[in-house]
Amino acid sequence: MIVFVFALALLAMSCAAAAPPPEQADKPKAAPPVPTLAPPVPALSGSVGAPPPPVWEELPSRRLPPEFTTPGSEPAGSFTCGGFQVEHLADATSGNEPYVRVSDARGKRVYQAKGRDYSLGPGEPKQRMSLMVEWCGDLGGDGVPELFLSERTMGAHCCYTYYVVSLTSPAKRLLMWEKGDGGHGMLPVKLAPGRAWQLLSWDIIVPPFKVEEGDPVLSYATTPSFPVVFELVGGRYQKRTFAFKEGLAKRRAEERAECKAEPQRCRVDELIEWGYGLIIGDWDQEKLTLVPDEALRKRLDARSAAMKTLLQKRLGH
């Protein structure tokens, strides 16, 4: 698949926040643990080129659909969505990390949430995760807007939790995804007919390689991210990536066409193409073109069955 590099502004937004469900409902008992990153190792042999400049948001297929609103489209600190006023407030008691408050047209508060507490280790002081709304709109097609919120700890990579909260009365949480590393955000997409939107993101997955048998050696920077699709099922967003093979194939074709028109914005990543092919089911037909290096292609073929099983487990049938 073609790798798109996120705009620095969007990445910073993803890294900076999210909103759990209302404080009075389903609040997690404890913050998730903060994972530690493995030390870097030599880069993948056969990877192509250096990452392009951060122009992700300029590609048509990666822009937020016009039906949805972002805080950046109105004055900083607050914005309106579906008749609701959404505010980002500074929490002076926890290092000024932002939190979220939503009011209806009469000014009545209908939702408020703060990031959870976490600690970097035993004996370390508690810190508050930031929590912000990245975009808002009617995901379910029922006239009720939803908030997409991101919550994060401090640090270059770690740690992200994504939420979708519907502004029903009372507010209802439709998604809580403890993503961990990688602030990729989520994008509303239509990969199948119907009034509800799916959610598309990317998940960092280490392939089941065996370096001692000649498989590629990965560093953190070359560990691939694969598409993950969430579908609204029974009032909750659930991972259902493999159920959208046709939609992903169409989207992949659109992205390839965009990159062909502006090749300076994109680069080929053989591992992501491999994953896309396994999800869509056309790896055997595509591999000769996508991975011209015969030695690498043979190693990927040797791990394809295990990789597909891993993708199904992580990304959802």
> Kindly indicate whether the side chain of M186, heavy atoms from C-beta on, has any atom under 4.5 Å from the side chain of W177.
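Answer yes - side chains close enough.
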> CG of L191 to CD of E246: how many Å apart, nearest 0.5 Å?
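Between atom CG of L191 and atom CD of E246 there are 11.0 Å.
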> May I ask you to decide if L139's main-chain N or O and E146's side chain share a donor-acceptor pair within less than 3.5 Å?
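Looks like yes, one N/O pair under 3.5 Å.
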> Can you tell me if R299 uses its side chain to pair, donor with acceptor, with the backbone of K210 under 3.5 Å?
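Looks like no, no N/O pair under 3.5 Å.
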> To the closest 0.5 Å, what do you measure between CZ (R236) and CZ (R173)?
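R236 atom CZ to R173 atom CZ measures 7.5 Å (nearest 0.5 Å).
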> Could you tell me which non-hydrogen atom of Y99 sits nearest to which non-hydrogen atom of A113, and how far apart they are?
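For Y99 and A113, the tightest heavy-atom pair comes out as CB-O, 3.3 Å.
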> Count the heavy atoms belonging to other residues, nucleotides or ligands that lie under 6.0 Å from NZ of K287, then report whether that count exceeds 12.
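Check passes, neighbour count above 12.
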> Assess whether side-chain contact (heavy atoms from CB on, under 4.5 Å) is satisfied between L300 and W283, documenting all intermediate values.
CA-CA 10 Å; L300 297 183; W283 166 245; 4.0 Å; yes
> Considering non-hydrogen atoms only, spot the tightest contact between P188 and L64 and give its length.
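Smallest heavy-atom distance, with atoms named: CD-CD1, 3.6 Å.
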> Is the shortest side-chain heavy-atom distance between H184 and I204 below 4.5 Å?
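Result yes, sub-4.5 Å side-chain heavy-atom pair found.
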> Would you say NZ of K190 has more than 12 non-hydrogen atoms from neighbouring residues, nucleotides or ligands within 6.0 angstrom?
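Counting neighbours around NZ of K190, more than 12 heavy atoms of other residues, nucleotides or ligands fall under 6.0 Å, so yes.
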> So do the side chains of E258 and R62 get within less than 4.5 Å of each other, counting heavy atoms only?
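When only atoms from C-beta onward are counted, R62 and E258 do not touch, as no gap falls below 4.5 Å.
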> I want to check something: taking the side chain as every heavy atom from C-beta on, are L187 and W135 in contact at a cut-off of under 4.5 Å?
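SC-SC contact between L187 and W135 ruled out.
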> Is there a side-chain contact between L271 and L218 (heavy atoms, below 4.5 Å)?
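A side-chain contact exists here, since the closest heavy-atom pair is under 4.5 Å.
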> Count the heavy atoms belonging to other residues, nucleotides or ligands that lie under 6.0 Å from NZ of K126, then report whether that count exceeds 12.
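Check fails, neighbour count at 12 or below.
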> Just how far is it from atom CZ of R303 to atom CG of D215, taken to the nearest 0.5 Å?
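R303 atom CZ to D215 atom CG measures 4.0 Å (nearest 0.5 Å).
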> Salt bridge between E255 and R251, side-chain N to carboxylate O under 4.0 Å?
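Yes, E255 and R251 are salt-bridged.
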> Does a donor on one side chain sit under 3.5 Å from an acceptor on the other, for S61 and E254?
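E254 and S61 do not have a side-chain donor-acceptor pair below 3.5 Å.
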> Would you find more than 12 non-hydrogen atoms of other residues, nucleotides or ligands less than 6.0 Å from E213 atom CD?
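Above 12, so yes.
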> Which of these, L199, L248, L315, sits in a side chain to side chain contact (heavy atoms under 4.5 Å, CB included) with V229?
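Answer after filtering L199, L248, L315: L248.
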> Between A192 and Q198, which heavy-atom pair has the shortest distance, and what is it?
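What the structure gives for the nearest pair is N-OE1, 3.6 Å.
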> List the atom of D138, the atom of F68, and the distance in Å for their closest heavy-atom pair.
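Answer, listing the atom of D138 first, then F68: N-CE2, 4.0 Å.
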> When you check the side-chain N and O atoms of Q127 and T153, is any donor under 3.5 Å from an acceptor?
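No donor-acceptor contact under 3.5 Å links the two side chains.
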> Quick one: does K245's side chain have a donor or acceptor within less than 3.5 Å of a partner on G247's backbone?
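No, K245 side chain to G247 backbone: no donor-acceptor pair under 3.5 Å.
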> Could you report the tightest heavy-atom contact between P216 and V211, atom names first, then the distance?
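Heavy atoms of P216 and V211 come nearest at O-CG2, 3.9 Å.
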> Do the side chain of S119 and the main chain of E124 share a donor and acceptor less than 3.5 angstrom apart?
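Looks like yes, one N/O pair under 3.5 Å.
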> Check the pair E270 / R297 against salt bridge (Lys or Arg N to Asp or Glu O under 4.0 Å), numbers first and verdict last.
CA-CA 9 Å; E270 296 96 331; R297 190 169 64 245; over 6 Å; no
> Quick one: does any side-chain atom of D203 pair with a main-chain N or O of F226 as donor and acceptor, under 3.5 Å?
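Pair absent, no side-chain N/O of D203 close to backbone of F226.
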> For side-chain contact (heavy atoms from CB on, under 4.5 Å), just list the numbers for V100 and H88, CA-CA rounded to whole Å, side-chain angles, deciding distance to a tenth of an Å, and then say yes or no.
CA-CA 5 Å; V100 175; H88 290 129; 3.8 Å; yes
> In this structure, would Y237 and V144 fall into the same cluster of hydrophobic residues linked by side-chain contacts under 4.5 Å?
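Different clusters.
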> Under 4.5 Å between side-chain heavy atoms, hopping through other hydrophobics if needed: is there a path connecting L310 to F242?
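Hydrophobic grouping puts L310 with F242.
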> Roughly how far apart are L175 CG and Q238 CD, rounded to 0.5 Å?
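L175 CG to Q238 CD: 10.0 Å, rounded to 0.5 Å.
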> Do T161 and R116 have side chains that get closer than 4.5 Å, going by heavy atoms?
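In short, these two side chains touch, coming nearer than 4.5 Å.
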> Find the distance between CD (E231) and CH2 (W197) and round it off to the nearest 0.5 Å.
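Reported value, rounded in 0.5 Å steps: 15.0 Å.
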> Between C136 and F148, is there a side-chain heavy-atom distance shorter than 4.5 Å?
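A side-chain contact is absent here, since even the closest heavy-atom pair is not under 4.5 Å.
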> When rounded to the nearest 0.5 angstrom, what distance separates OG1 in T309 from CE in M307?
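Rounded to the nearest 0.5 Å, the OG1-CE separation comes to 10.5 Å.
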> Does some side-chain heavy atom of F84 sit less than 4.5 Å from a side-chain heavy atom of L147?
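Not touching, per the 4.5 Å side-chain cut-off.
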> Is the distance between the ring centroids of W274 and F209 under 6.0 Å?
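Ring-ring flag for F209/W274: true, centres closer than 6.0 Å.
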> When you measure from the side chain of S201 to the backbone N and O of G185, does any donor-acceptor pair fall under 3.5 Å?
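Answer holds: yes.
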> Please report the closest heavy-atom contact between G140 and L232, naming both atoms and the distance.
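Scanning both residues completely, I find the closest heavy atoms to be CA-CD2, 4.3 Å.
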> Is the backbone of K313 close enough, under 3.5 Å, to the side chain of K239 for a donor and an acceptor to pair up by distance?
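The answer is no, because no donor-acceptor pair under 3.5 Å joins these two groups.
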